[in-house]
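Numbered from 1 within each chain, the chains take letters A, B, ... in sequence-line order. Any value given below was found using the heavy atoms of this structure, including those in side chains, with hydrogens, waters and symmetry copies removed.
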Amino acid sequence: MRYWLMKSEPDDVSIDDALAQQVVAWVGVRNYQARNFMRDLMQVGDGVLFYHSSCAEPGIAGLAEVASTSYPDPSQFDPKSPYFDPKAKPEQPRWMLVDVRAKRKTPLINLAQLRSEPELAEMVVLKRGNRLSITPVSAAEWRMILKLADVK
DNA sequence: GCCAACGTTGGC
DNA sequence: GCCAACGTTGGC
């Protein structure tokens, strides 16, 4: 059982969209490290912090969980998709994804709040220059964030 | 295999 | 829109 932070642009898929759909396939990850997290480490039931990025109010916006093991991201094979990858072949896919089940919205925890918590100082997502869209979260960080979100 | 150029991310 | 930081590409 692991914990993760997964970034989504709310203009694309917000926590509200995810809750409405219940389960979303996490399409479009095109970074090998993030792919490897999904492919090699994620297991059904892992905790997910749903993070809004590239928007007016970046921060943690909800809670979710990993709902499948990994499988090929179908968008890599679709020439009409912005995520199309001409080098990917169905018999040898490059990009994998998992399904994510949205669980609940939280009061938005913004970056200033996250940075103000000494216990969260080592969070990967807060590290300078970090651009990874999926980052590991420790059990202690997870508990701290549930506390900040006032989740019992 | 090096590394400069280029593209992308994402907060501000 | 700016720009720092970082990943990827491709010529050599």
Enquirer: Salt bridge or not for A/Arg30 and A/Asp73, using N-O below 4.0 Å?
Expert: yes
Enquirer: A/Tyr32 OH to C/dT8 P: how many Å, rounded?
Expert: 7 Å
Enquirer: Could you state the atom-to-atom distance from CG of A/Asp85 to C1' of C/dT8 in whole Å?
Expert: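 That distance rounds to 12 Å.
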Enquirer: Between P on C/dG7 and CG on A/Asn36, what's the gap in Å once rounded to a whole number?
Expert: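 For the pair A/Asn36 CG and C/dG7 P, the rounded distance is 13 Å.
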Enquirer: With a 3.5 Å distance limit and no angle check, can you tell me whether A/Arg2 reaches the backbone of A/Pro136 through a side-chain donor-acceptor pair?
Expert: no
Enquirer: Under 4.0 Å from any atom of DNA chain C, heavy atoms only: list the residues of residues 129-138 of chain A that qualify, in numerical order.
Expert: A/Gly129, A/Arg131
Enquirer: What is the distance, to the nearest angstrom, from the CZ atom on A/Arg94 to the C1' atom on C/dT9?
Expert: 11 Å
Enquirer: Would you indicate whether the side-chain heavy atoms of A/Pro10 and A/Asp16 approach each other to under 4.5 Å?
Expert: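 Heavy-atom side-chain distance check fails, nothing below 4.5 Å.
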Enquirer: Could you please spell out the steps behind the side chain to side chain donor-acceptor pair (under 3.5 Å) verdict for A/Asp78 and A/Ser75?
Expert: CA-CA 5 Å; A/Asp78 177 3; A/Ser75 67; over 6 Å; no
Enquirer: Which residue pairs pass the ring pair (Phe, Tyr, Trp, His ring centres under 6.0 Å) test when at least one of the two sits in residues 84-107 of chain A, sequence neighbours left out?
Expert: A/Tyr32-A/Trp95
Enquirer: It should be established whether A/Lys7 places a side-chain nitrogen or oxygen under 4.0 Å from OP1 or OP2 of nucleotide B/dG10.
Expert: yes
Enquirer: Between B/dC12 atom P and A/Asn110 atom CG, what is the distance in whole Å?
Expert: 9 Å
Enquirer: Using whole Å, report how far CE of A/Met6 lies from P of B/dT9.
Expert: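 Answer to the nearest Å: 16 Å.
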Enquirer: Whole-Å distance between B/dG10 C1' and A/Asp11 CG?
Expert: 13 Å
Enquirer: Are A/Phe50 and A/Trp26 close enough that their ring centres sit under 6.0 Å apart?
Expert: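 Yes, the ring centres sit under 6.0 Å apart.
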Enquirer: For B/dG11, does either OP1 or OP2 sit under 4.0 Å from a side-chain N or O belonging to A/Tyr51?
Expert: yes
Enquirer: Which whole-number value in Å describes the distance from A/Leu5 CG to B/dT9 P?
Expert: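 Taking atom P of B/dT9 as the reference, CG of A/Leu5 is at 17 Å.
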